[in-house]
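Have a look at the structure below, then the notes.
As the structure lists them, so they are numbered: ligands from 1, and atoms in each ligand from 1.
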Amino acid sequence: MRGKKSKCSFSRLEVVLIVCLVLMITLTVVLLVLHFLTKDEPPKESETANYLLGVGRADCTGPVAEVPLMGYANPEQVSGGILTHLYSRAFIVADLDDSRRIVFVSADIGMMSQKVRLEVLKKLKSKYGDLYRQDNVILSGTHTHSGPGGYFQYTLFWITSKGLIRPTLNAIVNGIVKSIDIAHDNMKRGRLFINRGTVENSQINRSPFSYLENPASERSRYSSNTDKEMVMLKMVDEHGEDLGLISWFAVHPVSMNNTNHLVNSDNVGYASYLFEQEKNKGMLPGEGSFVAAFASSNLGDVSPNTRGPFCANTGESCDNPQSSCPIGGATMCMATGPGKDMFESTRIIGKNIYSKAWELYEKASQEITGPLSSAHQWVNMSDVTVELNATHTVKTCKPALGHSFAAGTIDGVGAFNFTQGSVEGDPFWDQIRDQLLGEPSNETKACHEPKPILFSTGEMTKPRPWHPDIVDVQIVTIGSLAIIAVPGEFTTMSGRRLREAVQKEFDSHGAPRTHVVIAGLCNVYTHYIATYEEYQVQRYEAASTIYGPHTLSAYIQLYRGLARAIATNTTQDLPCGPEPPLFSIGNLTLLPALSAERAPANKTFGDVLQEVKQQYQVGGVAEVTFVGANPRNSAENATEHNFLTVERYANISDSWHVVQNDASWDTRFYWTKGSQGQSTVKIQWHIPHDTEPGIYRIQYLGHYKKRLSLFRTITVPFGGTSSTFEVTTP
Ligand code: ZN
C-alpha cells in the first residue's frame, strides 16, 4: 500500500531526476573502476626508459695564436684569434642493467688522430678501468678546417703543423676526457628516437668527374652525386625531457676558407651552436646541459661551397676534370658560396643543417630499442689481402700520396703547378723528391698504379714513420642502429658501398639493422677512401687514398667481418690485431717561443688604443682595440679561457651583466703581433638585430709574459674595458 502509494506519488519530473541520478552513479562507478584498472596496469612499453643515457660537452679549443690551422695543409694559415670555441661532445648509452656501454664523441677538430685516441684511452683506463675501451669508444672529428693543428704522431702532419704542439694536443685530449666525465656523471634513464630527412641546397660534389667513373648502373640508383640524407638520433630522459642529439650528415666544414685565421667550428659547429642556444635558453654560448653534435660522415668529395668552382682571376668556370684555369692553372680554381663572404656562407649552410635537424628532432617518433654491441679491430692496412671473388685476390699497399694530393681541391687549392687528375708524375718534382726524401720502391710504385707517387710515406720512417700502417676499424650497434666508425674521408659512393655491404651482412645473419650510418674522421686519420673506379682518374681524393686502389674493398671486407661478429654474437672471438705504436715525442715544434712582452710607452696591457663609438644601431659592428698579449699565454694557463665579454648595464641593480662571450658567433677576437714584444687585440661585436637597446661595454681578458730575471718569466692575468656605448634600434 505504502509502496504503491509512494510509487504512484512520483511525478514525471521526479522520474527524470531519479533516472539522471542513477545514470550519474553508474558513470562514476565505471570511471572509478576504469581508473583503478589503468592504475594497476604496468606502464605501456613505449613509455618506459630503454637505456641509461649521459651527455656532456667540454672545451677543446687550444691555442688560438701562431698555430697552423688543421685542414688546408697550409703552414702559413696560422691562428690569429677566435671566432668560436671548439667543443668535444660526448654521448654514453648503456643497457638498463648497465651490462654494456657505448660512447660516441664528436669533437670540433680537423680529424681524430691516433695519438689523441691512444692518450684518451689511457686516461679513461686509469679513471674507469675496463668500462671504456677501444671497442666501445668511438672518437670522431667534425672536420672543421679552422681548428689548431699539431696533435699527430706521424711525420707528414708535422710538416704543415709546425711539429707536435703540446697545448693543442692537451686541449683536445683533456676536452674529450672531460666531456666523457660529464656524460658519465649525468647518466639517467632515457629513450632514443631516430629520424631521417633530406637537407637541400647545402652541398655539391667537388669531384664530379671522379663520381662519373662509377658504373652507370650503380649511379642510376641514386638521384644525386652527394648523400643528402641526415640521420638524427634524439635523446630524452624517461620523463621526455630533452638531453641531446647526434646528427650525421655528409658535408666538408670548409665554408671558412684558407684565408681565415680565426679559430672556429665552421658550418656544422654553427648548427650545434644554434641548436644548443635554442634548447639552453638564457644561457651563454657553451653553457647549458643540452648537447647537440653535428658529426661527420662520408664527406670525402662533398663541398659546402655551393656556387661551385670559378677562376679567381678571370671569373670563368673551371668545372673541368683538372679543376684548372686558362691563366694561373689549378691555383686559381676555387669554389665559394652561397653567401657574400665566408662568414655568411658558414651561417647559411649551418642554418640549413640546423633547421633540418630541428624539424627531425621535433617529429622523431621511431624509437630505438634493443641490445648494444661493439666490435673493433686493429688492422695493418699496408698488408690486407682482399678476396674480390672466389678466384681473384688483390692487396692493399704501403701508404703513399699521389701528385694530385699537392694540387689540393676547389675548397683549398695547393701550390706550384700541381693539378688534379695527374696520372703521370712530374720529372722536376720527382727529382727533388728523390734527392730530399728518397725514391719510391718499384713495388710501391706498381702497387699504387695508376697513381704517380709524390710521397712514398710508407717507406719514409725518419724521424718517425710518416703515415700509420695500423688503423682502427670499428662498429657499434644500438638496437636497429649501426654506427660504422671509419678512419678517414669516404667519398659519397665509397660510403654508399660500405653501408650497403654492412647492411647486407647483418641481413644475411637474420640480424637486420635498419639504420646504418657512417661516422667519419674516426680514431686515426688516413686521408681519403675513393672507389676503385674513382681511383683510376686520380683527382685529389684518389691521390689521397693512401693504401692504394683496393683500399675501399679492403675496408668493406673488414667491416663485414665486424658486422658478422656482432650479428652472430662472436665479437669476443675477433682477433684484436696488431696494437698501434704510441710514440713518445719530446719537444718538437717550430712555434716561436713565448717570451717577455711589452706595452707601448705610458700604456699597460689591456689599455684601449682605439675606442668604441658612442652609439651603434643593431646590425652594426662595435669595435675596440686594446694593448694585447699573446693569447697562447692564456691557453698555457687554463684550458678554458674566455677572452672577451659583451656586457649590458642593468639600471635596476646598477650592475653589468654578461650577454656574450668569445664562444658567440657574433663576436670576433683578432690578435696581431707587433715588433719588440708588443701586440694588439681587436674585438668586434656584430650586433644582432634582436639585441635589446641599452648601454653596453666590451671587456678583454688576457695573460702576458713578464720578465723576472734573465732566465725567468711569469704569466700575469690582466683585463681591459672599453668605454660604454649605446645600442639603438632604427
Ligand atoms: Zn677533407
Salt-bridge criterion met for Arg497 and Glu218 (N-O under 4.0 Å) = yes
Distance flag, aromatic centroids of Tyr528 and Tyr540, threshold under 6.0 Å = yes
Tell me whether Glu489 has at least one N, O or S atom under 2.8 Å from the Zn ion (ligand 1).
-> yes
Whether Tyr528 has an N, O or S atom under 2.8 Å from the Zn ion (ligand 1) = yes
Quick check, are the ring centers of Phe104 and Trp248 under 6.0 angstrom apart?
-> yes
With a cut-off of 2.8 Å, does any N, O or S atom of His145 fall short of it relative to the Zn ion (ligand 1)?
-> no
Can Arg206 and Glu541 be counted as an ion pair, charged N to O under 4.0 angstrom?
-> yes
